[in-house]
Structures are given as structure tokens and as C-alpha cells.
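A short write-up of the structure that comes next.
Since we're looking at a predicted model, the values are computed, not measured.
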Amino acid sequence: MKILDGKKISNQIKEEIAAEVAKMKENGEKVPHLAAIIVGNDGASLTYVGSKVRSCKRVGFESTLVQLPNTTSEIELLKKIEELNQNDDIDGFIVQLPLPDQIDTQKVIMAVDPDKDVDGFHPTNFGKMALDMSTFIPATPFGILELIERYGVETQGKHTVVIGRSHIVGRPMSILMGRKGFPGNSTVTLTHSRTKNITQITSQADIIISALGVPNFLKAEMVKDDVVIIDVGITRVPDDSKEKGYYITGDVDFENVSKKASYITPVPGGVGPMTIAMLLKNTLLARERHRGRK
């Protein structure tokens with residue numbers, strides 16, 4: 001069994017990006033600039049955005065953090081998004097989800113300029129991805145592809161089972177794993193909360209990508225020997241015996257499933273670090289595109 005080490009690979013990617021940025025500086029070019037909007041003070045979101053800002057600094061990007069109160073109206077947020085759309089200095093930006101109840105998330109996603117949508121959530125970018133056109137791939141699926149590629153995990157002709165159909169992970173992964181090329185060319189089954197006989201399906205899978213958000217959902221008896229496991233789930237489980245009062249776990253019963261797997265991602269330290277690395281990669285791509293147009 002080999003660990004798909006997202007921490008290690010994400011550090012490699014950040015070093016590669018930092019080298020690119022250093023060349024830009026040497027040539028007197030503008031370095032990439034990533035902005036993030038966060039509404040409210042959700043603890044997990046603040047931690048995640050803080051990590052993005054630190055990563056920008058590490059690779060030599062400029063970054064801007066726009067913090068808005070929890071009471072921000074939809075109109076105010078859309079106005080702020082339009083400001084960033086019009087600001088030529090900013091190459092890409094993200095609006096951290098989830099948003100407060102008074103704001104329509106779909107409207108917000110639609111308002112972001114697809115050329116600056118480094119999260120890859122805008123329907124224009126999602127449609128281009130589905131049609132195999134050059135675009136911003138959502139950061140988590142992009143990170144999973146990169147892990148598979150860098151570890152040389154065989155995908156051609158394999159049966160990939162995706163658990164979960166979210167627009168952010170499950171659905172894009174089901175499209176990407178079935179596309180021509182590597183990673184891809186696999187036969188994909190998309191499962192979800194309404195799927196019947198899920199064990200029957202997962203036990204036939206060569207590759208399982210689980211993005212369900214249910215702790216320890218995937219058990220050893222649900223998988224076959226030598227399966228490749230990509231665990232996207234990350235859940236805080238309350239536990240008074242721990243210093244923080246909780247522990248973090250994924251969708252997969254790691255201890256038992258890892259005994260049967262050929263490759264597996266740990267949680268934490270698997271897919272999570274890759275997401276931020278690929279967000280930086282998308283921002284670098286955005287900068288190169290904007291430079292190309294000028």
C-alpha cells in the first residue's frame with residue numbers, strides 16, 4: 001500500500017509555482033494577484049482563507065483579503081464582486097463558501113467573471129471542462145487529477161466509482177475521470193445518497209473517489225483488494241479525550257481499508273493541501289492568459 005501524500009506533492013507544486021513567479025519578477029513582469037472575499041466569521045472558512053493568504057505569500061503572489069460582516073446584503077456582495085471583476089490588477093478571485101442565508105450562492109457564482117473564476121465554479125468554466133476545452137478546473141478535482149498523475153496511478157479502462165454528486169467535487173470528478181487522456185479513460189459510476197446496493201457497486205471498483213462528508217462511511221468489506229482510494233471527506237468528530245475537543249476524519253475507515261488498498265489518501269494531509277496548491281496554479285494560469293491578451 002502506498003500513501004498518496006498530498007502534503008508532499010502540494011509542496012512540490014508550490015515550489016514549481018514559486019520558481020515561475022521568480023522568473024516573472026526577473027523579467028520585470030507583474031506577478032499573479034489572488035483575492036478572496038469572505039462573508040461572516042465562520043471558523044473553518046477563516047482558517048481556510050488564512051491558509052490561502054499564507055500560501056500566496058510563500059509562492060510570491062500578491063493577495064488581497066476582503067472581509068465582510070455576516071449582515072452583508074446580496075446587493076453589497078454583488079457590488080464588491082463587480083469591483084474585483086473590473087480591477088485589472090487582480091488576476092483571479094474566490095468567494096469563500098458557504099455564504100449567509102440572505103445571499104443566493106448561485107447568483108454570486110454567476111456574477112464572477114469567468115476569466116477570474118479560479119475556483120472553476122462558473123457555468124461557463126464548468127461547461128468548458130465538460131467539453132474538454134481549456135479552462136479552470138475546480139481546485140479539488142484538479143488536485144485529485146494531479147495526485148493520480150504524479151503517482152502514476154493507472155486509470156485507463158479502470159472502473160472508477162465516485163461517491164457524492166456535489167457540483168464542487170463529485171460531479172466534476174465523474175466527468176474528468178471519463179474524459180480521453182490521462183488521468184481519465186476510465187468507466188465511471190456516479191453514486192450518491194439515493195443509490196441502492198452501494199456496496200455491490202463499490203466492491204467492483206478499481207478506483208473509489210469518496211466525497212460524501214459522512215465519517216468512516218466506506219468500510220473494508222465494501223472494497224476489493226488493490227483498490228485505489230481517494231478520500232475527499234473531512235469531518236470534525238467531537239471527542240473530549242482530544243486536546244481540541246475533536247478529531248478530523250474522512251469518509252473512509254482508513255485503518256481497515258488501507259490494508260486492502262494499493263494506494264490511499266490520508267485525512268488530513270491528502271486531498272486538502274492539493275486544493276490550495278491547485279487554486280494557486282489556476283491563478284498562475286489566469287495571469288498568463290491575461291498577459292497573453294495584452
Side-chain angles (χ1 to χ4, degrees), residues 32-58 61-126 136 138-141 143 164-172 193 211-215 232-239 244-248 268 271-273 275-280 282-283 286:
H33 188 160
L34 174 67
I37 300 176
I38 184 164
V39 184
N41 50 8
D42 175 74
S45 292
L46 285 166
T47 302
Y48 191 45
V49 169
S51 180
K52 288 170 181 172
V53 170
R54 286 193 299 279
S55 294
C56 281
K57 191 175 180 185
R58 178 179 161 184
F61 284 11
E62 287 180 26
S63 68
T64 298
L65 179 56
V66 180
Q67 280 188 279
L68 301 173
N70 207 41
T71 51
T72 301
S73 71
E74 190 178 277
I75 289 169
E76 287 169 317
L77 177 57
L78 292 173
K79 192 179 168 194
K80 182 55 71 177
I81 288 169
E82 190 48 33
E83 279 175 29
L84 296 184
N85 283 340
Q86 298 300 329
N87 185 342
D88 286 343
D89 190 48
I90 287 169
D91 297 295
F93 68 94
I94 60 146
V95 182
Q96 184 64 38
L97 304 178
L99 292 164
D101 292 342
Q102 71 272 18
I103 296 169
D104 181 342
T105 300
Q106 208 56 54
K107 261 191 197 171
V108 166
I109 288 169
M110 290 292 287
V112 176
D113 179 350
D115 279 341
K116 294 189 175 189
D117 167 42
V118 287
D119 256 339
F121 294 165
H122 193 283
T124 297
N125 289 325
F126 197 98
F136 298 120
T140 301
R165 55 182 164 184
S166 75
H167 296 164
I168 294 171
V169 183
R171 203 166 302 180
S193 58
L212 200 60
V214 177
V232 188
I234 184 156
T235 308
R236 286 183 178 189
V237 179
D239 184 346
K244 290 180 178 175
Y246 64 87
Y247 66 91
I248 287 175
V271 174
T275 299
I276 292 178
M278 302 325 279
L279 182 71
L280 297 175
N282 273 343
T283 307

Kindly compute the distance separating [atom1] ([X]) from [atom2] ([Y]), expressed to the nearest 0.5 Å.
{"X": "F61", "Y": "L279", "atom1": "CZ", "atom2": "CG", "value": "8.5 Å"}
{"X": "L78", "Y": "T72", "atom1": "CG", "atom2": "OG1", "value": "11.5 Å"}
{"X": "Y48", "Y": "I276", "atom1": "OH", "atom2": "CD1", "value": "5.0 Å"}
{"X": "I37", "Y": "L84", "atom1": "CD1", "atom2": "CG", "value": "4.5 Å"}
{"X": "E76", "Y": "Q102", "atom1": "CD", "atom2": "CD", "value": "9.5 Å"}
{"X": "T64", "Y": "D89", "atom1": "OG1", "atom2": "CG", "value": "7.5 Å"}

request  = For the pair F121 and L97, evaluate side-chain contact (heavy atoms from CB on, under 4.5 Å) and give the outcome as yes or no after the intermediate values.
outcome  = CA-CA 11 Å; F121 294 165; L97 304 178; 4.1 Å; yes
Please give me the minimum heavy-atom distance between [X] and [Y], naming the atom from each residue.
{"X": "Q96", "Y": "K52", "result": "OE1-NZ, 2.9 Å"}
{"X": "S166", "Y": "P172", "result": "O-CD, 3.6 Å"}
{"X": "G120", "Y": "P138", "result": "O-CG, 3.5 Å"}
{"X": "P114", "Y": "N125", "result": "O-ND2, 3.0 Å"}
{"X": "V49", "Y": "A36", "result": "CG1-CB, 4.2 Å"}
{"X": "F136", "Y": "A286", "result": "CZ-CB, 3.7 Å"}

key: Salt-bridge criterion met for E83 and K80 (N-O under 4.0 Å)   =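 So E83 pairs with K80 through a salt bridge.
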Does [Y] offer a backbone N or O that forms a donor-acceptor pair with the side chain of [X] under 3.5 Å?
{"X": "E62", "Y": "I90", "value": "no"}
{"X": "D119", "Y": "I109", "value": "no"}
{"X": "E74", "Y": "D104", "value": "yes"}
{"X": "D239", "Y": "Y247", "value": "no"}
{"X": "K116", "Y": "N85", "value": "yes"}
{"X": "S51", "Y": "T47", "value": "no"}
{"X": "D91", "Y": "T283", "value": "no"}

Would you indicate whether the side-chain heavy atoms of [Y] and [X] approach each other to under 4.5 Å?
{"X": "P98", "Y": "S45", "answer": "yes"}
{"X": "M278", "Y": "P141", "answer": "no"}
{"X": "M110", "Y": "P123", "answer": "yes"}

remark   = Between V39 and the options V66, L77, T71, the side-chain contact (heavy atoms from CB on, under 4.5 Å) test singles out L77
query = What do the steps show when you test L280 against N282 for side-chain contact (heavy atoms from CB on, under 4.5 Å), and what is the final call?
reply = CA-CA 5 Å; L280 297 175; N282 273 343; over 6 Å; no
ask   = So with a 6.0 Å cut-off around CG of N41, is the heavy-atom count from everything else above 12?
value = no
